[in-house]
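Below you'll find the structure, written out as structure tokens, and then a few comments.
Whatever order the structure lists them in is the order used to number ligands and atoms, beginning at 1. What you see is a predicted model; the values in this text were computed from it and never measured. These numbers come from the heavy atoms of this one structure, side chains and all, not from hydrogens, waters or symmetry mates.
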Amino acid sequence: MTELLFRDDAYLKTATARVVAVRDDKVELDRTIFYPLGGGQPGDTGFLTRGNGDRVAIADTRKGETPGSVAHVIATGSALPEVGEAVSLEIDWERRYALMRLHTALHVMSCVVIAPVTGGNIAPDKARLDFDIDITLLDAEKIALGTNELIARGVATETVWITDEELDARPELVKTMSVQPPRGAGRIRLLRIPDIDLQPCGGTHVANIAEIGGIQVLRIRNEGKRNKRVEISLTG
Ligand SMILES: [Zn+2]
């Protein structure tokens with residue numbers, strides 16, 4: 001198990017950790033600030049610094065082979081650290097913060113477009129959600145306006161934990177049909193944006209939706225019978 005420091009504080013840019021396993025080009029640590037690919041949010045990139053001062057680039061972050069572990073993918077050609085070694089970590093904060101802002105923006109937008117979510121993805125420069133909806137009901141201007149009006153409320157986001165049983169009793173919380181929340185761990189993490197959104201999510205979010213600034217709709221496209229895609233970017 002890797003201690004997931006980003007779960008409690010998504011704003012950690014640096015941390016220290018110890019290497020617990022090295023497999024091929026993947027390094028596992030006892031704790032990490034690197035978010036592993038999941039829920040439509042890409043894995044973090046950055047650096048780890050070894051005791052001898054060498055900086056090793058981390059090209060990607062994935063879930064590890066064992067449940068609850070995180071695999072840091074070392075960039076090709078970098079020397080691998082050794083098991084037991086103490087290292088310091090640094091994420092590419094500019095990239096991650098853009099992902100946090102866009103990720104939180106998708107939560108807000110999912111409350112403007114009222115339809116089941118059938119897919120989604122986040123990149124540092126744009127993000128998208130797919131909806132099961134009649135495409136003629138998707139109006140780019142209205143979606144941007146509605147989303148930006150909610151963002152302007154400037155409310156703080158909250159993390160809430162509930163049990164599997166509580167989630168079973170409230171199936172309406174699961175909007176994203178393609179990404180069911182992980183069960184079996186006994187408890188599920190929710191993101192709450194007071195009076196706007198509440199849904200299971202293990203990703204990283206901004207502390208206050210005002211940090212999103214504003215969004216624009218880049219395009220709306222038909223990607224299949226149940227996938228009408230709305231792509232957005234930040235306006236600043
Ligand atoms: Zn989320």
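Any protein N/O/S atom under 2.8 Å from the Zn ion (ligand 1) was counted, giving 4 altogether.
Evaluation of the side chain to side chain donor-acceptor pair (under 3.5 Å) rule for D54 yields N52 as partners, not counting sequence neighbours.
Within 6.0 Å of CD on E82 lie no more than 12 heavy atoms contributed by other residues, nucleotides or ligands. Within a 6.0 Å radius of NZ in K142, no more than 12 heavy atoms belonging to other residues, nucleotides or ligands are found.
Note on residues 64-84: pairs passing ring-ring contact (aromatic ring centres under 6.0 Å, His included), not counting sequence neighbours, are F34-H72.
Counting side-chain heavy-atom gaps under 4.5 Å among Ile, Leu, Val, Met, Phe, Trp and Tyr, the cluster of F6 also holds L4, Y35, V70.
Judged by distance alone, the side chains of E90 and T14 never bring a donor and an acceptor atom under 3.5 Å apart.
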